[in-house]
Asker: 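If you scroll down you'll find the structure; I have some questions about it.
Residue numbers begin at 1 in each chain, while the letters A, B, ... track the order of the sequences.
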Number of protein chains: 2
Amino acid sequence: MTEYNDPAVRYYQEVFDQCIHYLSIDGVIFGFHQNQLKVLLLRWKGTDAWSLPGGFIRKAESVDVAAQRIMQERTGLDALYLQQFHVFGEAVRYDQEATWRKINLPVDGAKWSERTISLGYYALVEHSKVIPTPDFLTEVCAWWSLDDVPALLFDHNHIIAVALLSLRKDFNDQPLNHLLPDTFTIPELQRLHETILGLSLDGRNFYKKVMASGQLERLSERRAGTPHKAPFLYRFKPSEPTNRLPTLEAKTA
Amino acid sequence: MTEYNDPAVRYYQEVFDQCIHYLSIDGVIFGFHQNQLKVLLLRWKGTDAWSLPGGFIRKAESVDVAAQRIMQERTGLDALYLQQFHVFGEAVRYDQEATWRKINLPVDGAKWSERTISLGYYALVEHSKVIPTPDFLTEVCAWWSLDDVPALLFDHNHIIAVALLSLRKDFNDQPLNHLLPDTFTIPELQRLHETILGLSLDGRNFYKKVMASGQLERLSERRAGTPHKAPFLYRFKPSEPTNRLPTLEAKTA
DNA sequence: CCAAAAGTGTTTTCCATACACCCATGA
DNA sequence: TCATGGGTGTATGGAAAACACTTTTGG
């Protein structure tokens, strides 16, 4: 266990110099595929240990910009829909020594053994557009179905759980356009809602509700290549206000 | 403007040594008095500039514990009801140079000119129990009615606005026991709801709703010394679960 | 006795839920 | 033709909103 990963040590040295100490960002990137809610995870080099994507904030960088940067690098996507959802600030969040061992870092290194406060962000992305890209310390970046997520490094299982609760709390009854492709069918939208809420909905009532919201428009085409009746395609009306929460506007008096 | 406040500089040196850099906590302490929602503000020594209470996180201290500590020092209260509501992480949150000038700090001092990311907490406290206490840098700690809050230092007007929106979003229809004394009348509770929500409610419907919640019990006494009909006193049933939001419980798999 | 606030009812409206049927398609 | 999922209706129940009257007290 004393075979230190030298490039990793150098990487941390760089982070130590350029970024804010004691502070990190962890990202829960949600995608929806095959009727399942998925998250993007990273496998660390030379290990079978997985974690959430994350990173650090540069000294003169906005926190939101840092989050965008970090998530962009893992997904290849611009202008992600990001939501800050919780600060994980306990003095002891996980067993640091055991964790450094799992990812082959020197246990006694002072640099990375600082306690970190993590700012939790979740992203809603269109699954098919993502190009999963590992970072410097990892060798695999892949989607995991929420139900199958293994035991992760750090307190990342906890972070995912909190992210999911926040997502449920936030989205209420608004359609989740960021998780879907431009066009989709009503049953697909219903599966998405069911998956996030963790319950099953009545298709008739669901249809009425989303139609009543006035945010969808039906296209003339139908989904081709499915068995059974071909469902209509819909899309979110472009002119409508997005379902992003209203921006908190309040300026100094 | 070059009369530097030496003790202040020393204070910042201490903070610089013991606390996490680039990170601070700002607290919006809400109280309710005379049918008005109020916040606790501090006036800086030798100035007429006001700000929110705030402070820094020690290197091995939980963020929530730090917030408790900071708020306790300003209120004299233990075990405050605190809610983390937003991270203010823009790279430039306000005009630093102008601000340092207002509070008589050397404009070119490197120590306190670091950009800070602020973790916003709001507290709900019983107005009458608070002993407003200034800190080392301030000479007055006082309640301000939300409607009268002056132009504050930093971006604190903005932080208050966001705190209020978060409070409205969080509390939904739950009674706000932390803001009220042990006993209170239904009309008083109604005023509180109206003040926070910024709208007026129907007394009859309000009465039915809070009674239906089953969380209140009527005492035999009535509020004395009021003009007109004396209203009954109520209190929250002690055995009932508190109206604190359910703790986010989710452990590592 | 009158003004002002407290205390409680009934009616109506609306939204969420429950539920049933026909349609289109591939096998 | 039948199994499967798509698409749309109608009925019902419960909560929220609208609304009116009596009671108590100080002046």
Side-chain angles (χ1 to χ4, degrees), chain A residues 32-36 168-169 171-175 180-181 183-237 243, chain B residues 32-36 168-169 171-176 180-181 183-236 243:
Chain A
F32 186 66
H33 186 56
Q34 292 176 335
N35 292 336
Q36 290 191 306
R168 280 185 192 162
K169 196 154 112 55
F171 102 120
N172 280 329
D173 39 9
Q174 339 208 0
L180 290 171
T183 64
F184 50 88
T185 69
I186 300 297
E188 284 163 6
L189 181 60
Q190 183 180 342
R191 301 294 137 58
L192 173 57
H193 279 240
E194 290 175 335
T195 305
I196 290 179
L197 294 175
L199 42 84
S200 71
L201 302 171
D202 181 285
R204 299 161 287 198
N205 295 330
F206 183 80
Y207 179 82
K208 268 182 300 184
K209 192 157 139 179
V210 295
M211 282 301 115
S213 82
Q215 294 185 71
L216 298 183
E217 63 181 3
R218 182 199 276 185
L219 307 181
S220 47
E221 313 106 87
R222 293 160 180 264
R223 167 79 73 227
T226 76
H228 318 304
K229 185 169 177 177
F232 281 104
L233 288 173
Y234 290 75
R235 72 165 166 219
F236 286 96
K237 287 185 191 166
N243 75 354
Chain B
F32 187 66
H33 187 55
Q34 293 175 334
N35 290 338
Q36 291 191 302
R168 279 186 194 163
K169 197 154 111 58
F171 101 123
N172 279 331
D173 39 8
Q174 338 206 2
L176 299 163
L180 290 170
T183 65
F184 51 87
T185 69
I186 299 297
E188 285 164 4
L189 181 60
Q190 184 180 340
R191 301 294 138 59
L192 173 56
H193 280 241
E194 289 175 334
T195 305
I196 291 179
L197 294 175
L199 42 84
S200 70
L201 303 170
D202 181 285
R204 299 160 286 195
N205 294 330
F206 183 80
Y207 179 82
K208 267 183 299 183
K209 191 155 139 180
V210 295
M211 282 301 115
S213 82
Q215 293 185 71
L216 297 183
E217 63 184 3
R218 181 199 276 185
L219 308 182
S220 47
E221 311 107 89
R222 292 161 180 265
R223 166 80 71 226
T226 78
H228 317 304
K229 185 168 178 177
F232 281 103
L233 289 172
Y234 289 76
R235 72 166 165 220
F236 286 95
N243 74 357

Asker: What pairs with A/Phe184 under ring pair (Phe, Tyr, Trp, His ring centres under 6.0 Å), at least two apart in sequence or on another chain?
Answerer: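 A/Phe236.
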Asker: Mind checking side-chain hydrogen bond (donor to acceptor under 3.5 Å, both in side chains) for B/Lys229 and listing every partner two or more places apart, or none if nothing turns up?
Answerer: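 Not a single residue meets the side-chain hydrogen bond (donor to acceptor under 3.5 Å, both in side chains) criterion with B/Lys229.
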Asker: Angle between the two end axes of the helix from C/dC1-D/dG27 to C/dA27-D/dT1, five base pairs per end, rounded to 10 degrees?
Answerer: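 Between the axes fitted at each end of the helix from C/dC1-D/dG27 to C/dA27-D/dT1 lies an angle of 0°.
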Asker: Once salt bridge (charged side-chain N to carboxylate O under 4.0 Å, His left out) is applied, what residue pairs with a partner in residues 217-226 of chain B remain, sequence neighbours excluded?
Answerer: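 Counting only pairs at least two positions apart or across chains, the salt bridge (charged side-chain N to carboxylate O under 4.0 Å, His left out) contacts touching residues 217-226 of chain B are B/Glu188-B/Arg223, B/Glu217-B/Arg235.
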Asker: How many Å lie between CD1 on B/Ile186 and P on C/dT8, as a whole number?
Answerer: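 B/Ile186 atom CD1 is separated from C/dT8 atom P by 9 Å.
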Asker: Identify, with sequence neighbours excluded, every residue that meets side chain to side chain contact (heavy atoms under 4.5 Å, CB included) alongside B/Thr195.
Answerer: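 Residues passing side chain to side chain contact (heavy atoms under 4.5 Å, CB included) with B/Thr195: B/Phe32, B/Leu37.
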Asker: Suppose we screen for side chain to side chain contact (heavy atoms under 4.5 Å, CB included). Which residues come up paired with B/Ser200, at least two apart in sequence or across chains?
Answerer: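 By the side chain to side chain contact (heavy atoms under 4.5 Å, CB included) rule, B/Ser200 matches B/Glu194.
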Asker: From CZ of B/Phe232 over to P of C/dG7, roughly how many Å is that when rounded to an integer?
Answerer: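 To the nearest whole Å, that distance equals 7 Å.
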Asker: List for me each residue that meets ring pair (Phe, Tyr, Trp, His ring centres under 6.0 Å) alongside B/Phe206, sequence neighbours excluded, and say none if there are none.
Answerer: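 Testing B/Phe206 for ring pair (Phe, Tyr, Trp, His ring centres under 6.0 Å), a comparison that skips the adjacent residues, returns B/His193.
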Asker: Report yes if at least one side-chain N or O of B/Arg218 is closer than 4.0 Å to OP1 or OP2 of C/dT8; otherwise report no.
Answerer: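 Yes.
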Asker: Could you work out, with ring pair (Phe, Tyr, Trp, His ring centres under 6.0 Å) as the rule, every residue matching A/Tyr207, not counting sequence neighbours?
Answerer: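 Ring pair (Phe, Tyr, Trp, His ring centres under 6.0 Å) check on A/Tyr207 returns nothing, list empty.
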Asker: Between atom CG in B/Leu201 and atom C1' in D/dC19, what is the gap in whole Å?
Answerer: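 It works out to 16 Å between those atoms.
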Asker: Can you see which heavy atom on A/Arg168 is nearest to which on A/Ile196, and at what distance?
Answerer: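 Where A/Arg168 meets A/Ile196 most closely, the heavy atoms are NE-O, 2.6 Å.
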Asker: Polar atoms only, N or O, under 3.5 Å: list the protein pairs with nucleotides 25-27 of chain C and their distances.
Answerer:
residue, atom, partner, partner atom, Å
C/dT25, O4', A/His228, O, 3.4

Asker: Testing the basics here: between A/Thr226 and A/Ala230, what is the closest heavy-atom pair and its distance to 0.1 Å?
Answerer: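 Taking A/Thr226 first and A/Ala230 second, the nearest heavy atoms are OG1-CA, 4.3 Å.
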Asker: Distance check needed: C/dC14 C1' versus A/Lys209 NZ, whole Å only.
Answerer: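 Answer to the nearest Å: 14 Å.
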Asker: Between protein and nucleotides 9-15 of chain D, map the contacts as a letter string: B base, S sugar-phosphate only, - none, heavy atoms under 4.0 Å, written 5' to 3'.
Answerer: BB-----
Asker: Find the distance B/Leu189:CG to C/dG7:C1' and express it as a whole number of Å.
Answerer: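 Spelled out: CG on B/Leu189 to C1' on C/dG7 is 15 Å.
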Asker: Starting at CD of A/Glu194 and ending at C1' of D/dG5, how long is that distance when rounded to a whole Å?
Answerer: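 These atoms are roughly 13 Å apart.
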Asker: Listed by chain and number, what are the side chain to side chain contact (heavy atoms under 4.5 Å, CB included) partners of B/Gln34, not counting sequence neighbours?
Answerer: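 For B/Gln34, the residues satisfying side chain to side chain contact (heavy atoms under 4.5 Å, CB included) (neighbours in sequence not counted) are B/Lys38.
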Asker: Base, sugar-phosphate alone, or nothing: which one does B/Arg223 contact when heavy atoms must sit under 4.0 Å apart?
Answerer: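 B/Arg223: no heavy atom of the nucleic acid under 4.0 Å.
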Asker: According to ring pair (Phe, Tyr, Trp, His ring centres under 6.0 Å), who are the partners of B/His228, at least two apart in sequence or on a separate chain?
Answerer: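 B/His228 satisfies ring pair (Phe, Tyr, Trp, His ring centres under 6.0 Å) with no other residue.
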Asker: Rounded to whole Å, please give me the gap between CD in B/Glu188 and C1' in C/dA6.
Answerer: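 Roughly 12 Å, once rounded to whole Å.
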Asker: In whole Å, what is the span from the NE2 atom of B/His193 to the P atom of D/dA17?
Answerer: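 Atom-to-atom, B/His193 to D/dA17, this comes out as 13 Å.
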